[in-house]
Amino acid sequence: MAMIDEPLYPIAVLIDELKNEDIQLRLNSIRRLSTIARALGEERTRKELIPFLGENNDDDDEVLLAMAEELGVFIPYVGGVEHANVLLPPLETLCTVEETCVRDKAVESLCRIGAQMREQDLVEYFIPLVKRLAAGEWFTARVSSCGLFQIAYPSAPEALKTELRAIYSQLCQDDMPMVRRSAATNLGKFAATVEAPHLKVDIMSMFDDLTQDDQDSVRLLAVEGCAALGKLLEPQDCVAHILPVIVNFSQDKSWRVRYMVANQLYELCEAVGPEPTRSDLVPAYVRLLRDNEAEVRIAAAGKVTKFCRILNPELAIQHILPCVKELSTDSSQHVRSALASVIMGMAPVLGKDPTIEQLLPIFLSLLKDEFPDVRLNIISKLDQVNQVIGIDLLSQSLLPAIVELAEDRHWRVRLAIIEYIPLLASQLGVAFFDDKLGALCMQWLKDKVYSIRDAAANNVKRLAEEFGPDWAMQHIVPQVLDMINNPHYLYRMTILHAISLLAPVMGSDITCSKLLPVVINASKDRVPNIKFNVAKVLQSVIPIVDQSVVEKTIRPCLVELTEDPDVDVRFFATQALESSNQVMMC
Amino acid sequence: MSNGGAIAAVAPVGGPQPLDWKFSQVFGERIAGEEVQEVDIISSIEFDRTGDHLATGDRGGRVVLFERTDTRDHVGLRKDLEKMDCPMNRHPEFRYKTEFQSHEPEFDYLKSLEIEEKINKIRWCQSANGALFLLSTNDKTIKFWKVHEKKVKKVCDVNVDSTKATVNGSIVGSSISTSSKQYIESGRCIDNNFSFPTTGFPSLQLPVVTSIETNLMARCRRIYAHAHDYHINSISNNSDGETFISADDLRINLWNLEISNQSFNIVDVKPANMEDLTEVITSAEFHPKHCNMLAYSSSKGSIRLIDMRQSALCDSHSKLFEEQGALGTRSFFTDIIASISDIKFAKDGRHILSRDYMTLKLWDINMDSGPVATFQVHEHLRPKLCDLYENDSIFDKFECCLSGDGLRVATGSYSNLLRVFGCSEGSTEATTLEASKNPMRRQGQTSSRPLRSLGSLSGVVRRVKGADNPGVDANGNAFDFTTKLLHLAWHPTENSLACAASNSLYMYYA
């Protein structure tokens, strides 16, 4: 048993706890592995700590995950890049465990280390490691190996490169679907490191294998590879090799594959360039928009604006718009909702006339949709609408939709619409707001749900900010103050909350003349909750108003409250008094 | 196949020779007169893909694992081998490997429901790194288990000896932890401006760990809960290795093995109004090769094949297998006995075997007009359906299984009997085995059927039964409805059967 100096004691404990029974302590030690390494010095870290960690491979996943992560940034502690190779063995072991997140982290760390290693070390240590993993007995090792080729390949000598390509090709045909999925996922990254002539031959044949895999789960990962490979290939090769695959995928038997295509089609279009997009991908996209499976239509509908942007207006109007019209009356509300969230972006693409002629009716029908999500998605993009069709056309159809949403059964829907009210107010202007929406804002203050009342109080404040104190004095404040006489104390509390929010916006004069008397009056309420909220409001008002008002009005009221029979009221009153003292001292 | 109902073994006209079944092993054999504990009754049996392992689940929520001993050398503990009579046999032999408590009884306070711990199904998953993985489920919750050998570690050398006593093994961890907490905190404070010499502190040492032996450990890796309103009757792994389904009475959910907090409902047969309910899901299984196909059976006797490629919600089936036009007259029991209790895909994925109360049916998935073969299992019980209904036996859920080569099928019956049929073209093989150390005893008895007067023989042979056995029918066939053989499994590559008779696991080979 070695004698440990006092300053080293914490580190000694940290080291011992690498093997503690308590997983939290082990985790703690692993997370501070760099401290341990520095205390041991570079040489002992290489010779003792790293092999020690290498044996620690049957620990809990959390510990292994932390270890995989720490080892990725461990090069400085083992003596720099010339010794980086000592970090490979423990990570290699971690690449074979069953838990996916640990393996992924180990692969990530290996890539990070490999990217810094010297070329001869890569050849001597890293590439053999990749080959060992790729030939691993258990599928877990082979899965991990796929993610390492991108690091190993560039520094390999020619003969080894050929071998690595052959190994990867083997992995693309592995018996285990898990391995093929990993190969499909990493193909793009690996391809980016492969020289052009091999890219066209070797990589494309692997890609072909994957696109024809029996397993849906492999094919749908190959879809992602389309975009990545497309960017690497020359445009004409891309049209020759990738485009047919995409068109095929868009008609795949499996809706999950078509769903991936629908999600990725925009990126694929970018990869293959604008011309083939028109001739080949527009029909494919139209098919996806009309797919039997709602999930596919949802994905396709969500991309409609992005897709239209890379088309010219005529094509969009001729091919896409009819589909959009159909989708606006789709049987699935999720499809309509996805469409509603992007449809307004089509307006600038189409231009004013087609928008008013074609898009507006769709837009209006979505605004009247029976599902609140659809309507909300439209309203949330109102600024875009406004720019194109103008407020008059809009307001006629908008108002009923807003009123309906404002009274929706689900409080989350009401909450969502309240959040848009200030935006609407700024876009629609004072006049429109006064007539139609003012009453709604007051109504929300009396909602049954706290979150709505809270949001409504905030809304009142934001409206006052938007239209200024004068307007608020006329249209908001009297109505709000009226409600302080509501028989239910929870509503009175909402008003107190609204007052405390309004006070800073309204300024000192109005606060003293209008708001403060109401608050002072409320201090005589029979409900203690109101009274201590009065104390809180008064405390928040103190910095706003004049010193004399504090002395004359606020402090006497607070002093009175400090003698209240209720303990909470006394507490908050005392707190408010103390803060008023501090203000006076300043 | 029409003579399948006859118990006599008939010499083969064509096809492979009938198998000569021999007793291999029994685990948990009952001593005569021993009371069977309810919790010990086996409720699920499953071989893994290689056939090297066998798992059973019981009503007490336990999972017991067995491993094959005849294929490779074992260096581990051999104490279980002592039980074996002849360890040099070529047929599959298993030994007890380990067991763990998979499920505990629970109470759902929201619905005021007790949730039994009984294991309804076990399914093996892909093994990795020498560790075994399996899914087990009770009525509500599916669990993903990893069983692996863990080194038993002893930490012998540490830096800080806080106990002052000799530091011995693993206790050191817990004893340090309390006293060292404050030092860890202070360690944090000094770290930033603590200067480390480049050579490090030579006095510090890494703990020395010695591992003396390994221990089998079962760890629950994931729990897939709260996705079923009704009782889960099946779970099944997909061939893609990353997903599985779980089926209850009205719904089938699709899970990713790695994601336990969400699942996708792919089949929902719940009617808008529960009063319109006429049919429930009784069993579901993925196709062994095609990741997009799955089959589920219903209480109305139909099997639906669905293609998950077609849509996200598979409420419409792509193929429906049903026997058209019930034979004979319809009766009160027609619907009840039509209910399918289990379906299994053959290994090649071409055929589906189904079990209803009276028969085993083999279906070709390319032929939906009717089964390619029907095997009578319980035809002799037809006159007794009334009694069976009254003692609820008619609702017993017998499982079925196919041999790895697809040439034979098997299912269980009453009196701890199981039936094996040849299903290849022209085969007339039909064997009855009794789950005991002498499986062909029934065979012997039935072959001497002319000696019908020896009806009392059954009373002699069957040691647990009294002479006035009410289950003896006019033919001298004894049927004891309390001893039923519900669960059985066929070894994936060899002719070996594992079946559960109450709390005992019997294994046979041929």
Side-chain angles (χ1 to χ4, degrees), chain A residues 1-5 7-22 25 28 32 35-45 48-49 52 55-56 58 61 96-101 138-140 176-178 181 214-218 252-257 292-295, chain B residues 126-131 133 146 148-151 153 155 157-162 167 170-174 176-177 180 183-188 190-191 194 196-207 209 221 238-243 258 289-292 307-313:
Chain A
M1 200 62 46
M3 288 302 290
I4 303 295
D5 302 334
L8 282 181
Y9 193 76
I11 298 170
V13 170
L14 212 51
I15 293 176
D16 289 349
E17 283 177 354
L18 281 171
K19 285 290 171 198
N20 200 294
E21 295 231 304
D22 183 345
L25 294 176
N28 178 52
R32 297 167 59 74
T35 308
I36 295 175
R38 286 164 75 199
L40 289 172
E42 291 169 358
E43 189 172 343
R44 289 187 65 199
T45 298
E48 295 177 35
L49 181 62
F52 172 81
E55 287 163 20
N56 190 28
D58 67 342
D61 300 329
T96 63
V97 300
E98 320 82 48
E99 189 58 41
T100 313
C101 63
W138 299 103
F139 73 92
T140 48
M176 288 287 181
M178 299 82 153
R181 278 198 292 275
D214 286 342
Q215 289 280 345
D216 295 355
S217 54
V218 177
D252 197 280
K253 273 182 289 184
S254 167
W255 69 268
R256 285 165 72 200
V257 174
N292 280 331
E293 175 53 45
E295 299 284 341
Chain B
Q126 186 62 49
S127 59
N129 291 341
F133 294 87
K146 172 187 180 181
H148 63 126
E149 292 200 331
K150 197 168 167 73
K151 290 186 201 119
K153 283 185 180 145
V155 183
D157 248 340
V158 289
N159 291 303
V160 184
D161 179 13
S162 67
V167 180
S170 50
I171 49 136
V172 85
S174 49
I176 282 188
S177 60
S180 62
Y183 285 102
I184 293 171
E185 294 309 318
S186 61
R188 256 179 214 126
I190 58 163
D191 268 353
F194 195 73
F196 292 99
T198 44
T199 50
F201 300 105
S203 58
L204 290 173
Q205 55 177 1
L206 289 166
V209 176
R221 301 298 296 266
N238 193 322
S239 56
D240 67 8
E242 71 171 355
T243 55
E258 308 225 325
K289 290 191 182 123
H290 297 304
C291 61
N292 54 303
D307 185 351
M308 298 201 303
R309 288 180 182 181
Q310 283 177 345
S311 70
L313 292 171

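What you see is a predicted model; the values in this text were computed from it and never measured. Residue numbers start from 1 in every chain, and the chains themselves are labelled A, B, ... in the order their sequence lines are given, proteins ahead of strands.
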Answer with yes or no whether the side chains of Glu98(A) and Asn129(B) bring together a donor and an acceptor at under 3.5 Å. yes
Which heavy atom in Phe139(A) sits nearest to a heavy atom in Ser127(B), and how many Å separate them? CE2-O, 3.7 Å
Less than 4.5 Å to any heavy atom of chain B: does that hold for the side chain of Asp216(A), its backbone, both, or neither? both
Step by step, work out the side chain to side chain contact (heavy atoms under 4.5 Å, CB included) result for Arg256(A) and Asn292(B). CA-CA 10 Å; Arg256(A) 285 165 72 200; Asn292(B) 54 303; over 6 Å; no
Step by step, would you call Glu48(A) with Gln205(B) a side chain to side chain contact (heavy atoms under 4.5 Å, CB included)? CA-CA 9 Å; Glu48(A) 295 177 35; Gln205(B) 55 177 1; 5.7 Å; no
Where on Thr140(A) is there a heavy atom nearer than 4.5 Å to chain B: the side chain, the backbone, both, or neither? side chain
Report which part of Thr243(B) has an atom under 4.5 Å of a heavy atom belonging to chain A: side chain, backbone, both, or neither. neither
What part of Lys289(B) gets within 4.5 angstrom of chain A, counting heavy atoms only: side chain, backbone, both, or neither? backbone
Comparing Arg44(A), Met176(A), Glu42(A), Met178(A) against chain B, the one with the most heavy-atom pairs below 4.5 Å turns out to be Arg44(A)
Under 4.5 Å from a heavy atom of chain B, the part of Leu18(A) involved: side chain
In terms of heavy-atom pairs under 4.5 Å, which option from Glu55(A), Glu99(A), Glu295(A) contacts chain B the most? Glu99(A)
Below 4.5 Å from any heavy atom of chain B, which atoms of Trp138(A) appear? Answer side chain, backbone, both or neither. side chain
Side chain to side chain contact (heavy atoms under 4.5 Å, CB included) evaluation trace for Leu206(B) with Leu40(A): CA-CA 9 Å; Leu206(B) 289 166; Leu40(A) 289 172; 4.2 Å; yes
Can you tell which of Val97(A), Ile36(A), Asp61(A), Asp214(A) has the highest number of heavy-atom pairs within less than 4.5 Å of chain B? Asp61(A)
Applying a strict 4.5 Å limit to non-hydrogen atoms, the region of Glu258(B) in contact with chain A is side chain
Are the side chains of Asp307(B) and His290(B) in touch, meaning some heavy atoms are under 4.5 Å apart? no
Side chain / backbone / both / neither for Glu43(A) at chain B, heavy atoms under 4.5 Å: neither
Which of Gln126(B), Glu149(B), Met308(B), His148(B) touches chain A most, by non-hydrogen pairs under 4.5 Å: Gln126(B)
